[in-house]
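Have a look at the structure below before the remarks.
Counting starts at 1 for both ligands and their atoms, in listed order.
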Amino acid sequence: MKQPQPIANIVLGVTGGIAAYKSAMLVRRLRDAGYAVRVVMTAGAQAFITPLTFQALSGHPVHTTLLDPEAEAGMGHIELARWADLVLVAPASADVLARLAAGLADDLLTTLVLATAAPVYVAPAMNQQMWANRITQRNLKTLRDHGVQVIEPASGEQACGDVGAGRMPEPDDLVQVVQAALDPVQPAQHLAGLHVVITAGPTREALDPVRYISNHSSGKMGFALADACRDAGARVTLIAGPVSLATPLGVERINIGSARDLLAQSLAVVEAGCDIFIATAAVADYRPEVVADHKIKKSGEITEIRLVKNPDVVATIAQHAKRPFVVGFAAETQNVEAYARGKLANKQLDMIACNDVSRADIGFASDENAMHVFFSDRYGFEMVTLDKASKTEIARRLVDCIEQARRS
Ligand code: C5P
């Protein structure tokens, strides 16, 4: 029977890690989705799973060595690099990330990545401590700076018993990333080539080592915006307070605690250069003046806590010499328009999206939202009303608003 033409060619690089077993299912899912798949395995990968498994699933011999005359006579590393429409390394071990970041070409996979003109995606998977290690994070930054797309690992229980970030995303999620990367019918790439920074979630202001002041922000709006900006082609950095949401695929996440942490991380990314700054975080306006070194005891009879004002993150960014396009959010319970326009001017924002949180059906923890969007006078735009819709849909429309203002 004649096979349908593959819609694109994927080289799947498999490296050494327990998540390699998921890559077997990934091959099947990629083929189900219509892709032709060739598998390249590192020596480490073969300690976890055999080439034969991938040969059976991909329908082709697996490539394992760089200078094997027999293999090179068939499809050698340069042909393989040219054949690929996309290279996906999943799982990508800490070791391969380091070798790729260093530009090494000491095995077939690293050589192929250097030799290909196709987009390269890596799905890191490793122990959470190895993931958090600054050397790994430095390598990831180097790779991102050189155009490699890093698919953020999921969080959860790990094979080693630890809990944290470092799990390879599920095969279906990875297929979605590949489809989004290769599918010509994508959402308009309004933000292609731009770096968007989004603050999200609450902050926590410590009273002592075990207690803090915070708020009920769920972070959902900021995370939905991260999805929408990524889908519009942007590189996205999400600076998130403590929320129980999974990191959107392909988005770089920086976790923060206090408002001052948020400010420090925001300044660092703005100073490194970004194009759009979207502040959805519900930043605590005040923090305790003194953070007790030890747990405050009941016997102490404390009846007052002195508070001091926190820095205004979005206003600080709006006044920065390397000011990006700055978007603020406002949650109001009355006089929505007057307060929103006031904040737009006082914080020197380009745009502000405002919702009425006195309505129980929208806002904070809800999955839906409705917004009024106001623009700085220099854009000469009318207010835009975004009717009640899912936060996902509202996020898409906000991206359209940002794009229109930036283009005007
Ligand atoms: O002044 P208000 O808190 O209502 O302003 C809300 C907007 O300002 C949001 O975009 C929020 O993320 C941002 N904000 C901030 N830093 C603060 C307070 C608010 O970035 N300290």
Between Tyr212 and Arg204, is there a cation-pi geometry (under 6.0 Å to ring centre, at most 45° from the normal)?
yes
Are more than 12 heavy atoms, taken from residues, nucleotides or ligands other than [X], located less than 6.0 Å from that residue's [atom1] atom?
X      : atom1 : answer
Glu337 : CD    : yes
His146 : NE2   : no
Ile7   : CD1   : yes
Met383 : CE    : yes

Backbone or side-chain N or O of [X] under 3.5 Å from ligand 1 N or O:
X      : value
Ala279 : yes
Lys343 : yes
Pro311 : yes

Taking side-chain contact (heavy atoms from CB on, under 4.5 Å) as the test, write out the residues that go with Asp162, two or more places apart.
Asn127, Gln128, Gln158, Cys160
For [atom], which protein heavy atom lies nearest, and how many Å away is it?
atom                    : result
atom 18 (C) of ligand 1 : Val283 CB, 3.7 Å
atom 16 (N) of ligand 1 : Val313 N, 2.9 Å
atom 13 (C) of ligand 1 : Val314 CG1, 3.6 Å
atom 5 (O) of ligand 1  : Lys347 NZ, 3.0 Å
atom 7 (C) of ligand 1  : Phe329 O, 2.9 Å

Could you give the distance from CZ (Arg406) to CZ (Phe325), rounded to the nearest 0.5 Å?
7.5 Å
Is Ala281 in contact with ligand 1, taking contact as a heavy-atom separation below 4.0 Å?
yes
Can you find a non-hydrogen atom of Asp312 under 4.0 Å from ligand 1?
yes
With sequence neighbours excluded, tell me which residues meet side chain to side chain donor-acceptor pair (under 3.5 Å) with Arg260.
none
Where ligand 1 meets Gly328 - atom numbers and elements under 4.0 angstrom, heavy-atom basis
10 (O)
